[in-house]
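Notes follow the structure.
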Amino acid sequence: MNAQKVLDDLRQRFPGEPEYHQAVEEVLSTIEEEYNKHPEFDKANLIERLCIPDRIYTFRVSWQDDSGNIQTNMGYRVQHNNAIGPYKGGIRFHASVNLGILKFLAFEQTFKNSLTTLPMGGAKGGSDFSPRGKSNAEVMRFCQAFMLELTRNIGPDVDVPAGDIGVGGREVGYMFGMYKKLTREFSGVLTGKGREFGGSLIRPEATGYGNVYFLQEMLKTKGDSVEGKTVLISGAGNVAQYTAEKVLQLGGKVLTMSDSDGYIYDPDGIDRAKLDYIMELKNIYRGRIREYIDHYPTAKYVAGQKPWNEKADIALPSATQNEISEEAAQALVNNGVIAVSEGANMPSTPGAIRVFQRAKILYAPGKAANAGGVSVSGLEMSQNSERLSWTAEEVDRRLHIIMEDIHANCLKYGTEADGYVNYVKGANIAGFIKVAKAMMAQGIV
Ligand code: NDP
Ligand code: 2IT
């Protein structure tokens, strides 16, 4: 394959989807050499079949708001690839959602899920509906209307959705309820369910914990650890919260958290009590991060900015895609950052990645570092299948092993001649090889 040619062709066939093109470009540029070692791949046009989703469902979602108005949103499910297992991936509810963003996420998910060592294909879905500012009743009606359509396209052995931005335990619960009502079947069709109805222990914590376990593995290669390190975290949602929790448990100091309006910087560190406050603020009251400084006035709130200009040892972006620009990456490097590990999906722009790699700092892409979330989703599927539930210790132990395994695979395929580990290359090649072999074995389908 000629990566540039494939990419030009995809850009032409699918215009107006910059995030999808960005994700594909990153993967193709790193797997090209490995791919071309296998002429049989090209003969089977594996690359196009791997880049273009198996199928995409698009539907209108109509629902009634509390004032009696009828609202419409768009709903999508991108089933990208099921060569190694049922389609699997989250659902995102956010005003910014469009098909190109979901195609990038489903593409990334395919490689990520391959890395987890578990049998899961890649998918992503969502809607341009934003739960922000909506009542519980409105969120429930929307989730029900969304599931009314999606039901036909998913199933415990077909496609198993979960949460992502704007979709947490509350939304998964409402969607699960509607699926159950429509199909009269109690099955493990969604992951991230409540503990009382098949949810796995440690699933809420898994993405954040997993990212910090991955960070620990990277630091270990330098004989270093999280203890005593200062840490910048972006976001204040599910991933950010449990990332902060694990950093604190390991003796790190969390300086920042954020939302789409701005960030807070606490020079004394966000300790356990302060994190409890943030969890209550975000998860129960659904408040804004700026409210933090009303409670902790020694902290500052910076409106309209991201935290990357602050000085710290480690950065853990945990909000959204393209949240670290090339300039922000340069600021982090100038301030002496030693490691960047991505809790979010594709938070670093291509320019930012180049800055990190040129500076030869430890840099882990989301498809490796945030794979803990979907890994525990896979473990939730296993528990649902055997109608048993494992202890928190057991799930955490397995999560730990999976993150170590992903790290080892990155080293295997990403270590360069001078010893620098290119985790992007390592993750992409390791994820690719497994899917490619499965696709080759299954013929042209
Ligand atoms: P949440 O909805 O719980 O939290 C998202 C956080 O990011 C909020 O603080 C939100 O702020 C902020 N945010 C969202 N969109 C934007 C934006 N466009 N600009 C700036 N800030 C934004 O989502 P999660 O914590 O679940 O997801 C965070 C990231 O982690 C995403 O990239 C997701 O794809 C990824 N991820 C999630 C996994 C999971 O299991 N949940 C697994 C693997 C990756 P605000 O409230 O202002 O919108
Ligand atoms: O991006 C992700 O890996 C997720 N949002 C979690 C997907 C899942 O199926 O648990």
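Whatever order the structure lists them in is the order used to number ligands and atoms, beginning at 1.
Because its NZ or CZ atom is not both nearer than 6.0 Å to the ring centre of Tyr413 and within 45° of the ring axis, Lys425 does not count as a cation-pi partner of that residue. Geometric assessment of Arg398 against the ring of Trp390 yields a positive cation-pi assignment under the 6.0 Å and 45° thresholds.
Ligand 1 is approached by Ser258 to a heavy-atom distance shorter than 4.0 Å. At least one heavy atom of Gly163 lies less than 4.0 angstrom from ligand 2. Using a 4.0 Å heavy-atom cutoff, Arg92 is listed among the residues neighbouring ligand 1. By the 4.0 Å heavy-atom criterion, Met346 is excluded from the residues contacting ligand 1. For Gly168, the closest heavy-atom approach to ligand 1 does not fall below 4.0 Å. Residue Arg203 places a heavy atom less than 4.0 Å from ligand 1. At a 4.0 Å cut-off, not a single heavy atom of Ser96 sits close enough to ligand 1 to count as contact.
Residue Lys112 places no N or O, backbone or side chain, under 3.5 Å from any N or O of ligand 1. Between Asn345 and ligand 1, at least one N/O pair is under 3.5 Å apart. Ligand 1 has no N or O atom lying under 3.5 Å from any N or O atom of Asp259, backbone or side chain. Checked by distance only, ligand 1 and Gly166 come closer than 3.5 Å through their nitrogen or oxygen atoms. For Ser318, no nitrogen or oxygen atom sits less than 3.5 Å from a nitrogen or oxygen atom of ligand 1, counting backbone and side chain alike. Residue-to-ligand polar distances keep Ala240 apart from ligand 1: every N/O pair is separated by 3.5 Å or more. At under 3.5 Å, not a single nitrogen or oxygen of Asp261, backbone or side chain, sits near a nitrogen or oxygen of ligand 1.
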Q: Take Phe14 and His21 through the test ring pair (Phe, Tyr, Trp, His ring centres under 6.0 Å) and record every step on the way to the result.
A: CA-CA 9 Å; Phe14 308 106; His21 304 150; 8.0 Å; no

Q: List the steps and the verdict of salt bridge (Lys or Arg N to Asp or Glu O under 4.0 Å) for Lys367 and Glu108.
A: CA-CA 6 Å; Lys367 68 168 75 67; Glu108 288 283 290; 3.3 Å; yes

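Counting only non-hydrogen atoms, the option in Thr320, Ile101, Thr191 that gets closest to atom 18 (N) of ligand 1 is Thr320. The nearest non-hydrogen atom to atom 30 (O) of ligand 1, considering only Pro204, Pro347, Gly343, Ser130, comes from Gly343. The heavy atom nearest to atom 9 (O) of ligand 1, considering only Ala319, Gly192, Ala236, is found in Ala236. Here atom 3 (O) of ligand 2 lies nearest to Lys112 when heavy atoms of Lys367, Arg203, Lys112, Lys124 are compared.
Across Lys282, Arg290, Arg132, Lys306, a single residue satisfies salt bridge (Lys or Arg N to Asp or Glu O under 4.0 Å) together with Asp259, and that is Lys282.
Counting heavy atoms closer than 4.0 Å to ligand 2, residue Asn345 contributes side-chain atoms (C-beta onward) but none from N, CA, C or O. Of the heavy atoms in Arg288, only side-chain atoms (C-beta onward) come closer than 4.0 Å to ligand 1. Residue Glu108 does not touch ligand 2, judged by heavy-atom distances below 4.0 Å. Using a 4.0 Å cut-off between heavy atoms, Val239 contacts ligand 1 through both its backbone and its side chain.
In this structure, the protein non-hydrogen atom closest to atom 9 (O) of ligand 2 is Lys88 NZ, 2.7 Å.
Of the N and O atoms on the side chains of Thr191 and Arg203, not one donor lies less than 3.5 Å from an acceptor on the other residue. Defined by atom type and a distance below 3.5 Å, a donor-acceptor pair is missing between the side-chain atoms of Asn113 and Tyr87. For the residue pair Tyr263 and Glu310, a side-chain donor N or O sits within less than 3.5 Å of a side-chain acceptor on the partner.
Pairs passing the salt bridge (charged side-chain N to carboxylate O under 4.0 Å, His left out) check and including a residue from residues 240-256, sequence neighbours excluded, read Glu245-Arg272.
Side chain of Thr207 to backbone of Asn370: no donor-acceptor contact under 3.5 angstrom is found. Thr116 contributes no side-chain N or O that, together with a main-chain N or O of Ser375, makes up a donor-acceptor pair within less than 3.5 Å.
Aromatic ring centres of Tyr76 and Phe59 lie farther apart than the 6.0 Å criterion allows.
Within the 4.5 Å cutoff, the side chain of Phe432 has heavy atoms near those of the Leu50 side chain.
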